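Here's the structure, in structure tokens; my notes come after.
Since the structure is predicted, the reported quantities are computational estimates derived from the model, not experimental observations. We name chains A, B, ... by the order of the sequence lines, and we start the count at 1 in each one.
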There are 2 protein chains.
Amino acid sequence: MLKLSKLTDYAVVALVRLGQKSEVTTSPVLSRSTGIPEPTVAKVLKILATQGIVTSQRGARGGYRLAQPLEEISIAAVIQAIDGPISLTTCVDGGDCDARSTCGLGGQWDMVNAAIRHALSAITLADMKNHTVTDRLGGLHVPPMPDGPEATA
Amino acid sequence: MLKLSKLTDYAVVALVRLGQKSEVTTSPVLSRSTGIPEPTVAKVLKILATQGIVTSQRGARGGYRLAQPLEEISIAAVIQAIDGPISLTTCVDGGDCDARSTCGLGGQWDMVNAAIRHALSAITLADMKNHTVTDRLGGLHVPPMPDGPEATA
DNA sequence: CCATAATTGGACCAGAACAGTACTGTTTCC
DNA sequence: GGAAACAGTACTGTTCTGGTCCAATTATGG
């Protein structure tokens, strides 16, 4: 379905909420604040901590804090932290494409991947919080799309 | 991992190959021509037929044919045909988001979805065949990306 | 006009990946 | 020393993808 994992969705919600607090925040607090189940939000924060998106403070009075302001964290960074690298096909960069010789299109998917990564890198968590899109998005902000439900024409 | 299904990859390969033939082509022929297992390529073509990407002719001497030239079929159309709608999260357009009131970001994912759809609509199957990217891609072709493996900064 | 063969169409089943949960261990404050 | 909170690992249930099989349909040949 070309949809990212629900964990990533939770991560964005939690990070945005975390960015609205200046103090270190615990998982239970963030759970109550976002509505995400406590074990799940804990898991998400754990992963984000390992990836350097948030910094953690262990022990009593511990919690999590953003490693960077919301404006500096791109959607692509969050997705890569939770879901792993953004690669639409396995047939990229030395993947295990068993029909590489016959399929005809060498590594053309790389171009598609780059396009998506670029689109995702241009959107930050601050953009997700605010309902206004910054100008950095260039021509990407909800343009008149030429694609219909079925075909392109 | 934000990767699309292998079926979609197969679909692109099969469609490009199909675009190089002017006659109706059967699944077995396309299988031998692409290296994709016969049942799989048959399934892919079947789905593409229901979505109107290809036209089918049943019975003996039947087969498949492109409904439109390769230049008119976008990657987005193929992905939507195989994988379903491009919606990164379930929390879009009346989805089953159970924390809509608490999560804070209303339908901001729509913006992300639109950006990806736009990027995918700009690439056609003809672009996948040829190794040159058309000018319609604008600023999307492998730009200097500001995103690192871990964080954005 | 009928039988046969070829081919698509739709349904079914197995395998893997993911989401979610629980438990144990380590660290820090009181 | 006790309590609170993160860190890491392991497990289970569910969903989805990938692949296979059988039924419906049509052109061809007799």
What is the separation between atom [atom1] on [X] and atom [atom2] on [N], rounded to the nearest whole Å?
{"X": "A:L48", "N": "D:dC6", "atom1": "CG", "atom2": "P", "value": "13 Å"}
{"X": "A:R61", "N": "D:dA5", "atom1": "CZ", "atom2": "P", "value": "9 Å"}
{"X": "B:K46", "N": "D:dG18", "atom1": "NZ", "atom2": "C1'", "value": "13 Å"}
{"X": "A:L18", "N": "D:dC6", "atom1": "CG", "atom2": "P", "value": "11 Å"}
{"X": "A:L7", "N": "D:dT14", "atom1": "CG", "atom2": "P", "value": "18 Å"}
{"X": "B:E38", "N": "C:dT7", "atom1": "CD", "atom2": "P", "value": "10 Å"}
{"X": "A:K6", "N": "C:dA17", "atom1": "NZ", "atom2": "C1'", "value": "14 Å"}
{"X": "B:I47", "N": "D:dG18", "atom1": "CD1", "atom2": "C1'", "value": "10 Å"}

Residue pair A:D83/B:A49 against DNA chain C: nearer the 5' end by closest nucleotide is B:A49

Of B:G63 and B:K43, the one whose closest nucleotide on DNA chain C sits nearer the 5' end is B:G63

Only one of B:V12, B:L125, B:T124 passes side chain to side chain contact (heavy atoms under 4.5 Å, CB included) with B:I73, and that residue is B:L125

Considering just the side-chain nitrogens and oxygens of [X], establish if one lies under 4.0 Å of OP1 or OP2 belonging to [N].
{"X": "A:S27", "N": "D:dC6", "answer": "yes"}
{"X": "A:Y10", "N": "C:dG20", "answer": "yes"}
{"X": "B:S56", "N": "C:dG9", "answer": "yes"}
{"X": "B:S5", "N": "D:dG18", "answer": "yes"}

Taking for A:Q57 and for A:L2 the nucleotide of DNA chain D with the nearest heavy atom, the one nearer the 5' end belongs to A:Q57

Closest to the 5' end of DNA chain D, once A:Y64 and B:T40 are matched to their nearest nucleotides, is A:Y64

If you define the side chain from C-beta out and look only at heavy atoms, does anything of [X] sit under 4.5 Å from [Y]?
{"X": "B:Y64", "Y": "B:K46", "answer": "yes"}
{"X": "B:V54", "Y": "B:R65", "answer": "no"}
{"X": "A:K3", "Y": "B:S87", "answer": "no"}
{"X": "A:Q80", "Y": "A:Q51", "answer": "no"}

Q.
Between the base of D:dA24 and the side chain of B:R58, is one N or O donor paired with an acceptor at under 3.5 angstrom?
A. yes

- May I ask you to say what B:L45 touches in the nucleic acid, namely base, sugar-phosphate or nothing, with a heavy-atom cut-off under 4.0 Å? nothing

